[in-house]
Structures are given as C-alpha cells and as structure tokens.
Amino acid sequence: MVNDQMVNDKMVNIIHLSKTFINPDGSSLTVLKDVNCTIDKGEVISIIGPSGTGKSTLLRAINMLEPPTSGEIIVNGENITAPGYPLDKLRRKMGMVFQSFNLFEHMTVLENITYAPTRLLKMPETQAKEEAMELLKKVGMAQKADVYPSSLSGGQKQRVAIARSLAMHPDVILFDEPTSALDPTMVGEVLSVIRQLAKSGLTMLIVTHEMRFARDVSTRIFFMNEGIIYEDGTPEQIFEHPVHSATKAFVNRIQKLVYEIDSDDFDYLQIHTGLNQFCLKYNITEKAELAYSLIKEILFTHMPSFRPLTLRLTHTELSGVTALDFMVEGLNESPLTDTARASLRQQVKELIEEPTTRGFRIKLIV
C-alpha cells in the first residue's frame with residue numbers, strides 16, 4: 001500500500017534525459033544534457049532561465065513531441081519512452097498549451113474544445129458541450145463560444161487553448177511560454193487564468209519569462225542553464241537565496257533605458273517614444289504617464305540649468321520596482337529646493353537624494 005501511494009504521488013520521473021539535434025550539415029547540437037528530476041502530483045513548477053537553454057525542448061520531450069535521444073520519462077508509473085508506447089494514451093493524460101495557440105481556424109470556439117473529447121475520449125457530444133461551456137466560463141470566454149478564432153484577440157485565443165487542454169481531463173498540463181506571443185496588454189488575463197488553475201491542485205509545468213508570476217504561482221522553480229537543471233528549489237530559495245551566481249544574476253535582472261542630455265536641444269520626442277515602448281515591453285504601461293510628467297518637471301522646472309545630465313529609467317522585473325535617475329557629474333549637493341522636494345514627494349513612492357563618486361543623483365521610485 002505504501003509503495004502504491006509513492007507511485008501515485010510521483011507524477012513524472014525524468015531519468016538521465018538528453019536531447020541532441022542533428023543539423024543538415026551533419027553537425028550536432030546537444031540541447032538537454034543528463035536532466036534528472038521528479039515531479040509530484042499537484043506541484044506547480046515554473047521553468048526559468050536564459051533563452052536557448054533547453055526549457056521548451058524539455059517540455060516537448062516530456063510530451064514526446066521531441067523524442068529524447070537518451071534517458072527515460074516515467075509518467076504515473078509508465079515508461080512513455082519505451083519502444084512502442086502508445087502516444088495517443090499519453091496525449092489523453094498530458095495536455096499542452098503552446099505559444100502560438102494552434103486553434104482550428106475553421107471551427108468555432110466551442111467546436112475547438114469538444115473535438116478531442118468526443119473523438120479521443122469517446123465522450124457523448126451533449127456531455128462534451130456541457131463541459132466545454134463550464135470550462136469557457138472558467139476562463140471568461142463563454143460569450144465567445146460560437147465565434148471563430150479569427151475574431152479573437154491573442155489573449156482570448158490563449159484562454160480558449162487552455163480550456164481546450166483542460167477538456168481532456170489531463171493529469172499534467174504543460175505551458176510553453178503561454179504569454180510570449182501576446183501583446184503586453186493581454187498578458188495579465190492569461191496569467192490570471194493560470195493562477196486560478198494553480199490553486200485547483202492540477203500538476204503543471206510552466207516555461208515562463210514572467211519572474212514575478214513564477215515566484216507567486218509556483219511550488220517549485222527549475223532554473224535551467226546550459227541544458228541542465230542548474231538549480232531546483234522553492235520560490236523563496238531561488239529568488240531570495242540562490243546558490244549559484246548564474247541563478248542570482250538571472251533572477252535579479254534590471255532592465256534600463258538611458259539618455260545623455262547635453263543641452264536643451266535634446267530630442268525630447270525620442271525620449272517620450274522610448275519611454276512608452278519600454279513601459280509597454282515590460283508591462284508597466286500604467287507608470288508611463290507619471291514617468292513622462294516627472295521627467296518634464298525635473299528637466300524644465302527643477303533642474304533646467306544642470307547640463308550635461310544623465311537620465312536613466314530602470315525596472316527590476318522580480319520586485320516590480322521602477323525608478324527614474326537624474327545624475328549630474330561634478331555636483332556636490334542636491335540641486336532641489338524645498339518646494340521641488342514637496343512637489344515630487346506628493347507624486348512618487350520615494351525620493352532619494354544621494355552623492356556618488358561621480359557627482360549627485362536624484363532618484364524617484366514611481
């Protein structure tokens with residue numbers, strides 16, 4: 001009885017998994033190198049790491065879309081890498097949500113979801129439609145049941161793709177960068193659905209570049225680097241106390257936008273455009289208007305005579321902290337008046353005035 005329970009708890013066991021691709025010129029590229037891990041029932045594991053380190057290939061190998069070169073994958077006690085293992089059986093127990101949605105364009109949303117259950121699970125059509133509508137309600141898409149995918153936004157398509165995967169009652173569901181193909185304004189709606197699923201006890205593996213999401217939703221984090229699971233731990237361990245320097249460097253990524261302002265003839269339109277693009281890319285569009293206003297206030301009202309000046313916008317992905325820095329070289333004291341301080345403190349979370357080895361910095365946390 002104990003052994004049966006142990007088998008039931010171990011949803012996926014990956015043993016010495018490797019994957020090598022052979023190029024047309026005969027050269028080879030090893031993407032996965034001796035990957036070993038065990039995934040328990042009900043775990044939500046986010047897989048993070050630099051591009052090109054094998055994250056998506058690992059998911060595709062687990063689902064046998066990219067059969068491994070060597071190693072074994074045990075799912076619910078069955079070796080799915082064994083010769084002759086029926087892949088249709090695997091598809092019934094393991095769902096996958098792709099970057100590019102892969103919906104059938106000639107079918108309505110409802111037909112997309114009922115297609116596999118009626119044909120693979122032999123589910124009666126009436127039952128399949130009832131379950132499909134319940135799933136569409138769960139992902140907020142019930143009102144779109146009778147429309148075709150071409151009329152949907154990217155975020156809506158991805159929510160339908162999630163419902164389609166859930167319709168097969170999978171034991172495990174794999175998400176391969178589910179928000180990477182979306183406009184930043186649509187990312188939130190998809191992540192919200194995945195957050196709800198994470199609370200339901202479904203076993204999930206998620207390849208993602210959304211660090212804050214990974215930290216909030218996961219029970220474990222795999223940090224992949226150079227084709228291996230470089231570090232495996234709880235979100236607190238990986239994000240707060242990483243063991244390896246490569247992990248620490250990755251999770252503490254700071255994105256930045258820098259402008260050197262030498263005179264009053266600088267291209268302010270370029271700054272405005274660059275700031276908006278930066279905020280859109282990192283999903284902080286709600287901060288763009290305030291940042292734009294603060295830059296104008298600092299440059300033209302509070303510090304009009306301080307040139308040259310370095311303007312820097314930074315955003316730390318993990319913490320979500322966004323800051324504006326105004327750096328003047330050779331300055332020994334703050335250029336702000338009491339009136340300027342009072343105005344800025346009413347608008348920002350924090351105002352920092354600090355000397356540096358090069359001069360003086362005004363930092364605004366927005």
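We count residues from 1, following the sequence as given. Side chains are part of it too, since the values below use all heavy atoms of this structure and drop only hydrogens, waters and symmetry mates.
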Under 3.5 Å, sequence neighbours excluded: what are the donor-acceptor pairs made by side chains of residues 133-151?
from, atom 1, to, atom 2, distance (Å)
Ser151, OG, Tyr148, O, 2.9

Which side-chain N or O atoms in residues 338-348 pair as donor and acceptor under 3.5 Å with protein atoms at least two apart or in another chain?
from, atom 1, to, atom 2, distance (Å)
Asp338, OD1, Arg341, NH1, 2.9
Arg341, NE, Glu353, OE1, 3.1
Arg341, NE, Glu353, OE2, 2.9
Arg341, NH1, Leu336, O, 3.4
Arg341, NH2, Leu336, O, 3.3
Arg341, NH2, Glu353, OE1, 3.3
Ser343, OG, Glu297, OE2, 2.6
Ser343, OG, Gln347, NE2, 3.4
Gln347, NE2, Glu297, OE1, 2.9
Gln347, NE2, Ser343, O, 3.1

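- Evaluation of the side-chain hydrogen bond (donor to acceptor under 3.5 Å, both in side chains) rule for Lys33 yields no partner, not counting sequence neighbours.
- Partners of Glu131 according to the side-chain hydrogen bond (donor to acceptor under 3.5 Å, both in side chains) rule, which considers only residues two or more places apart in sequence or in another chain, are Gln127, His169.
- For Ser180 and Gln99, the side-chain atoms include at least one donor-acceptor pair closer than 3.5 Å.
- Between Phe360 and Phe306, the ring centre distance reaches or exceeds 6.0 Å.
- Residues that satisfy the ring pair (Phe, Tyr, Trp, His ring centres under 6.0 Å) test with Phe250, not counting sequence neighbours, are Phe223.
- Ion pairing between a basic and an acidic side chain is recognised when a charged N comes within 4.0 Å of a carboxylate O; Asp262 and Arg307 show no such pairing.
- Around atom CG of Asn332, no more than 12 heavy atoms belonging to other residues, nucleotides or ligands sit under 6.0 Å away.
- In this view, Asn252 satisfies the side-chain hydrogen bond (donor to acceptor under 3.5 Å, both in side chains) rule with no residue, not counting sequence neighbours.
- Remark: Pro86 pairs with Asp88, Lys89 by the side chain to side chain contact (heavy atoms under 4.5 Å, CB included) rule, at least two apart or across chains.
- In terms of the ring pair (Phe, Tyr, Trp, His ring centres under 6.0 Å) criterion, residue partners of Tyr282 (sequence neighbours excluded) are, by chain and number, Phe278.
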Distance-only check: which donor-acceptor pairs under 3.5 Å involve side-chain atoms of residues 197-204, not counting sequence neighbours?
from, atom 1, to, atom 2, distance (Å)
Ser200, OG, Leu197, O, 2.5
Thr203, OG1, Gly42, N, 2.7

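- For His209, there are no ring pair (Phe, Tyr, Trp, His ring centres under 6.0 Å) partners two or more places apart in sequence or in a different chain.
- Between the side chains of Lys287 and Thr322, a donor-acceptor pair is found at a separation under 3.5 Å.
- Applying the ring pair (Phe, Tyr, Trp, His ring centres under 6.0 Å) rule to Tyr259 yields no partners; only residues at least two apart in sequence or on another chain are considered.
- Under the side-chain hydrogen bond (donor to acceptor under 3.5 Å, both in side chains) criterion, Arg312 pairs with Asp325, not counting sequence neighbours.
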